[in-house]
Amino acid sequence: MPASHLNQIIAALPLRRGAPEPLFRQLYAAIKAAILDGGMSPGMQLPPTREFCRLLAVSRQTVLNAYALLTAEGYLDGAVGRGTFVSGDVPLPVPATSTPGLLRPLSARGQGVVAAMRQVAIHRGPLRAFRVGMPRIDHFPFDVWNRLEARRWRRPDHQFGYSDPAGFLPLRELLCVYLKAARGVHCTPQQIVITSGSQQALFLLSTILLAPGDAAWMESPGYRGASGPLRAAGARVFPVPVDAQGLDVAYGVAHCPQAKLAYVTPSHQMPLGVSMSLPRRLALLAWAAQHKAWLVEDDYDSEYRYTGAPLASLQSLDRAGCVVYVGTLSKVLFPGLRLGYMVAPPALAEALVQAKAVMDRHTAIVPQMALADFIAEGHFGRHIRRTRDSNAERRDLLLRGIARELDDQLACGPADSGLELCAYFRQAPAHDEEVVSRAGVERGIELRPLGHYADPDASPACAVPPGLLLGFAAIPPAEIQHGLLELGRILRGR
Ligand SMILES: Cc1ncc(COP(=O)(O)O)c(C=O)c1O
């Protein structure tokens with residue numbers, strides 16, 4: 001190569017004096033980039049270090065350090081007295097495309113996973129009325145949690161290495177006792193697998209229980225966080241209507257009896273808020289036992305029941321070993337913790353533990369330890385009681401506000417549990433959910449249309465009247481009042 005060309009390359013090396021990155025690192029990166037994009041070709045001789053440092057106006061040590069690093073990584077060859085060359089082993093550069101994009105299409109399975117769940121952008125950012133799915137975070141005793149975690153960090157033990165994929169044993173033991181007392185769940189710690197939120201449990205269950213093309217019943221309207229994993233697993237999601245008694249089991253049996261799995265929220269249907277009646281529960285269990293179908297019971301917010309005793313879980317009625325109970329700490333503590341669990345029939349538990357290990361080995365150990373201490377020392381029970389009272393107050397405020405100011409506009413669904421309230425438009429079809437929701441965004445409030453939970457492919461039997469899901473638990477009273485005011489203006493077209 002002519003010296004003039006080399007000088008041009010050297011002159012173009014982008015060195016930024018005074019930048020935080022040392023000059024030798026910059027020189028190393030610049031030469032490496034020039035080699036990889038073909039500006040410096042294999043066999044080309046680099047200037048001797050003395051000359052190079054003069055050309056670049058840097059110290060000789062800078063050049064020596066850069067050469068040493070490039071030689072160690074195989075980009076340069078050199079020997080004392082012979083000179084320094086671009087290595088002959090460096091592969092020929094790959095021509096860069098003018099618009100860098102995806103190297104090749106995603107696999108069919110990858111495309112299925114990516115398309116499985118549409119995310120909702122209005123659901124992020126600072127908390128506003130009437131954000132759904134959020135517990136009251138400012139009630140959480142962060143000081144206590146901080147102390148419990150710090151205590152664990154001060155005493156690292158062997159469990160800080162790789163630990164049991166099923167989760168921290170003392171936590172599973174405590175959950176076992178809690179679930180028995182609070183939800184009537186029958187299990188041993190060996191049946192519990194700790195997961196990263198219930199989302200991971202739903203993904204693992206869909207992946208290992210269903211083959212592509214298998215039919216799975218899904219409540220319609222229903223939770224997208226559950227239909228997403230079913231679709232990602234290649235399942236054929238079969239929407240089953242929900243009425244005042246919960247999932248319409250007879251409809252599912254009549255139209256899709258061969259399904260391999262059914263996803264249900266029997267304690268508090270998401271989003272309509274109804275609880276599944278006992279006859280429906282028994283019919284569902286009978287169908288599952290007869291057809292050897294799995295029932296995935298998502299018991300996401302049953303701790304928050306404001307009137308009457310908590311309802312027993314579906315799992316507590318299961319005699320055939322077909323129910324997998326899924327729980328989460330996202331509602332009872334907070335979602336960013338990413339802690340959940342599943343309780344599997346004994347014969348399925350080991351397979352789920354193996355699948356969990358394949359996915360991420362195990363959930364982070366210290367939050368599991370802190371949660372175990374949080375439960376064992378009574379903070380968990382106290383937090384639930386305190387938060388239940390606060391949620392009930394906010395629920396009452398919302399209900400009273402609607403009754404006082406929006407009674408002609410909205411009819412409320414069941415309000416005896418959970419963190420949100422379903423409200424139907426009385427003036428439908430005058431009000432379009434999407435239009436109302438967009439108007440809410442413009443006025444700084446979040447109004448989740450019920451249509452968000454609808455399956456576009458569902459039969460007309462799954463249709464629900466138009467309305468909104470209004471979160472209340474995380475919303476301060478003044479914000480609830482403000483939200484109601486804005487909602488009233490939107491509905492009255494002011
Ligand atoms: C029906 C249902 N299940 C589970 C969850 C919680 O999911 P995760 O545990 O992944 O945070 C939610 C959250 O909104 C939900 O609505």
Side-chain angles (χ1 to χ4, degrees), residues 116-120 122-124 127 130-137 140 167 175 179 183 192-206 217-230 232 237 240 242 246-247 262-276 295-305 311 313-315 324-343 356 359-360 363-364 367-368 371 391 413-414 417-422 446 448-450 452-455 468-475:
M117 204 164 102
R118 282 170 293 143
Q119 291 290 326
V120 189
I122 59 164
H123 218 172
R124 305 204 185 106
L127 194 63
F130 293 97
R131 171 85 42 97
V132 303
M134 275 295 294
R136 180 168 178 182
I137 289 197
F140 186 76
L175 282 175
L179 290 172
R183 314 291 308 118
I192 299 184
V193 182
I194 307 292
T195 53
S196 171
S198 52
Q199 195 61 42
Q200 189 181 52
L202 297 172
F203 186 85
L204 284 170
L205 290 166
S206 302
W217 291 3
M218 176 67 212
E219 295 173 332
S220 183
Y223 178 49
R224 283 192 194 181
S227 53
L230 293 173
V237 172
V240 178
V242 177
L247 186 86
Y263 166 85
V264 277
T265 48
S267 304
H268 187 225
Q269 204 272 334
M270 181 59 149
L272 303 182
V274 296
S275 49
M276 195 187 277
L295 299 179
V296 176
E297 174 179 24
D298 182 355
D299 206 20
Y300 61 108
D301 70 358
S302 55
E303 286 84 0
Y304 295 129
R305 192 165 173 82
L311 304 170
S313 61
L314 188 66
Q315 198 266 11
V324 184
Y325 177 94
V326 174
T328 180
L329 277 302
S330 290
K331 309 291 149 169
V332 77
L333 300 184
F334 58 93
L337 201 53
R338 302 316 300 140
L339 282 176
Y341 49 89
M342 47 190 163
V343 182
K356 168 73 181 164
M359 180 150 228
D360 65 353
T363 294
Q368 292 191 65
L371 177 59
N391 291 352
S417 57
L419 309 180
E420 46 259 324
L421 174 73
C422 182
E446 290 176 17
R448 171 71 63 85
L450 288 181
H452 167 88
Y453 300 90
D455 185 326
L468 303 167
L469 192 65
L470 305 174
F472 56 80
I475 318 298

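Computed over heavy atoms, backbone and side chain alike; hydrogens, waters and symmetry mates excluded. Note that ligands are numbered from 1 as they come in the structure, with each ligand's atoms numbered from 1 the same way.
Regarding atom 10 (O) of ligand 1, its nearest protein heavy-atom neighbour is Arg338 NH2, 2.9 Å. Summary of contacts: the protein heavy atom closest to atom 12 (C) of ligand 1 is Tyr223 OH, 3.3 Å. With respect to atom 11 (O) of ligand 1, the closest heavy atom belonging to the protein is Ser330 OG, 2.6 Å. Protein heavy atom closest to atom 9 (O) of ligand 1, with residue, atom name and distance, is Thr328 OG1, 2.5 Å.
Only the side chain of Met270 comes within 4.0 Å of ligand 1, counting heavy atoms alone; its backbone N, CA, C and O stay farther away. Under 4.0 angstrom from ligand 1, the non-hydrogen atoms of Ser198 come from both its backbone and its side chain. Counting heavy atoms closer than 4.0 Å to ligand 1, residue Tyr263 contributes side-chain atoms (C-beta onward) but none from N, CA, C or O.
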Would you please test Val237 and Trp217 for side chain to side chain contact (heavy atoms under 4.5 Å, CB included) and show each step? CA-CA 6 Å; Val237 172; Trp217 291 3; over 6 Å; no

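The closest non-hydrogen atom to atom 3 (N) of ligand 1, taken over Leu202, Asp298, Val326, Leu329, comes from Asp298.
Heavy-atom contacts of Gln199 reach the following atoms of ligand 1: 10 (O) (cutoff under 4.0 Å).
Aromatic ring orientation, Phe334 versus Phe140: perpendicular (interplanar angle above 60°, classes split at 30° and 60°).
Remark: side-chain polar atoms of Thr328 are not paired, donor with acceptor, to backbone N or O of Gly197 under 3.5 angstrom. Of the possible donor and acceptor atoms, none in the side chain of Glu420 sits under 3.5 Å from a partner among the backbone N and O of Leu469. A donor-acceptor pair under 3.5 Å is formed between the side chain of Lys331 and the backbone N or O of Gly133. No side-chain donor-acceptor contact under 3.5 Å links Gln200 to the backbone of Thr195. The backbone N or O of Pro221 lies less than 3.5 Å from a partner atom in the side chain of Gln269, making a donor-acceptor pair.
At least one heavy atom of Lys331 sits less than 4.0 Å from an atom of ligand 1.
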